Amino acid sequence: MNSSYFSNYKLWLFFILGGFCLTPLISSPIALLMGFTLASIGLVPESVDLGKWTKKLLAYSIVGLGFGINLPEAIAASSHNLGLIVGSIFFTLILGYGLTKTLGLDNKTGHLISCGTAICGGSAIAAVAPAIKAKNDQTAVSLACIFLLNSVALFVFPTIGHALQLSQYDFGVWSAIAIHDTSSVVGAAGAYGDEALKTATTVKLARALWIIPVALLSAVAFGGDKSKVSIPLFIVFYCVAILVAYFIPQGQPVYEVLFEVSKQVLVLCLFLIGAAITVKKMRANGPKPLLLGVLLWVAIGGVSLWFIVTFQ
């Protein structure tokens, strides 16, 4: 088989499987596994910029989900959980600092993993990395750890939620606090139910607003460049979408379509994320970054679940 034919074969296979992810036939966990399998057996086409497309499609789908959010419910969910959001962020960052020192991991990698766990995964890492002048390999290692744990969360969280018989609301809050990336939060919550999805999206994006102050504080702490801290625009447009749906209710039939389409585009995003993860990449990073990520994840997942079950 010549190289040109093989490249075309990989490209067509990749697009066909990606197309399936836009149908109800493929769930979020399955999409992730499909992408991971393709990456592991070397069938991801080199011509596809996975990072670029994942970032764009994720932003568009998050904005689309905004049209399905009820504004009064969003305000209530965010304000009711403000203490949990703020407390979980600072708890994770402080614990991450201590564990980074204990494990002997370099400070910037440890801080990036802590920020990714505390706020919103890859988006937080992408915002904080230039602010602290992190090297490319430090950023890549942090992203790899976060993406791997996001993948596990898609399977583990709904299983635990059903086992504990968590309500849709409680599961939505828990997934928003304890799962890193917005894509995986939406994937896990969407598998649990539409009410969980709406709660999780709202709380998660309220949490994501903390990217800016944390990035600024990180720049000060590491002597970085505060001018490189930027507001993720998808958060702004997500808020605009909620306001449009609230103040122009006549468009409800259109909003429902946009909400459903956005959910399927998020499944495609998880396929692309899976396609960027390989066992080889994870092994190359060594055990310490992943160990830090796992310890932080278990801590925030366990503490937040206990808080929600006990006090909510």
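Everything quoted here is computed from the prediction, not taken from an experiment.
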Minimal non-hydrogen separation, Lys204 against Thr182, with atom names: CG-OG1, 3.9 Å

Any Ile89 side-chain heavy atom under 4.5 Å of Arg207 side chain: yes

Connected via hydrophobic side-chain network under 4.5 Å: Ile94 and Trp297: no

Nearest atoms (heavy-atom pairs only) where Ser47 meets Leu11: OG-CD1, 3.8 Å

Same cluster (ILVMFWY, side-chain, under 4.5 Å), Ile179 and Val298: yes

Asn107 side, atom CG; Lys101 side, atom NZ - distance, nearest 0.5 Å: 4.0 Å

Pairwise side-chain contact, Thr117 with Ile146, heavy-atom cut-off 4.5 Å (strictly under): yes

Distance in Å, Lys108 NZ paired with Ser142 OG, rounded so as to fall on 0.5 Å steps: 12.0 Å

Donor + acceptor pair across side chains of Asp106, Thr109 (<3.5 Å): yes

CG on Leu13 to CE on Met34, rounded to 0.5 Å: 8.5 Å

Reported CG-to-CG distance for the pair Leu57 and Leu268, which is rounded to 0.5 angstrom: 5.5 Å

Validation row: Leu164, Asp170 side chains within 4.5 angstrom (heavy atoms): no

In one Ile/Leu/Val/Met/Phe/Trp/Tyr side-chain cluster, 4.5 Å: Val220, Tyr97: no

Point-to-point distance, once rounded to the nearest 0.5 Å, from NE2 of His180 to SG of Cys120: 11.0 Å

Trp53 reachable from Val265 in the ILVMFWY side-chain graph, under 4.5 Å edges: yes

Shortest non-hydrogen contact from Lys288 toward Leu105: CB-CD1, 4.0 Å

Phe20, CZ: over 12 other non-hydrogen atoms inside 6.0 angstrom: no

Heavy-atom closest contact (Val128 atom, Cys115 atom, distance): CG2-SG, 4.1 Å

Note, Phe155 side chain near Thr159 side chain (heavy atom, < 4.5 Å): no

Validation row: Ile177, Ile85 side chains within 4.5 angstrom (heavy atoms): yes

Parallel, tilted or perpendicular, as decided by the 30° and 60° cut-offs, for the rings of Phe171 and Trp174: perpendicular

Path from Leu217 to Ile119 over hydrophobic side-chain contacts below 4.5 Å: no

Donor-acceptor contact below 3.5 Å, side chain Glu256 vs main chain Gly68: no

Sub-4.5 Å side-chain heavy-atom contact between Ser88 and Ser304: no

Sidechain N-carboxylate O distance under 4.0 Å for Lys198, Glu195: no

From CD1 (Ile300) to CG (Leu295), nearest 0.5 Å: 13.5 Å

Ile160 vs Leu166 side-chain heavy atoms within contact, under 4.5 Å: no

Minimal non-hydrogen separation, Leu112 against Ala134, with atom names: CD1-CB, 3.8 Å

Side chain proximity check, Leu17 to Ile26, heavy atoms < 4.5 angstrom: no

Parallel, tilted or perpendicular: ring planes of Phe67 versus Tyr255, cut at 30 and 60 degrees: parallel

Closest heavy-atom pair and its distance - Leu65, Lys263: CD2-CG, 3.8 Å

Any donor-acceptor N/O pair, Asn150 side chain to Asp181 backbone, under 3.5 Å: yes

Aromatic plane relationship, Phe14 with Phe271 - under 30° parallel, 30 to 60° tilted, over 60° perpendicular: tilted

Side chain Thr199, main chain Ala196, donor-acceptor under 3.5 Å: no

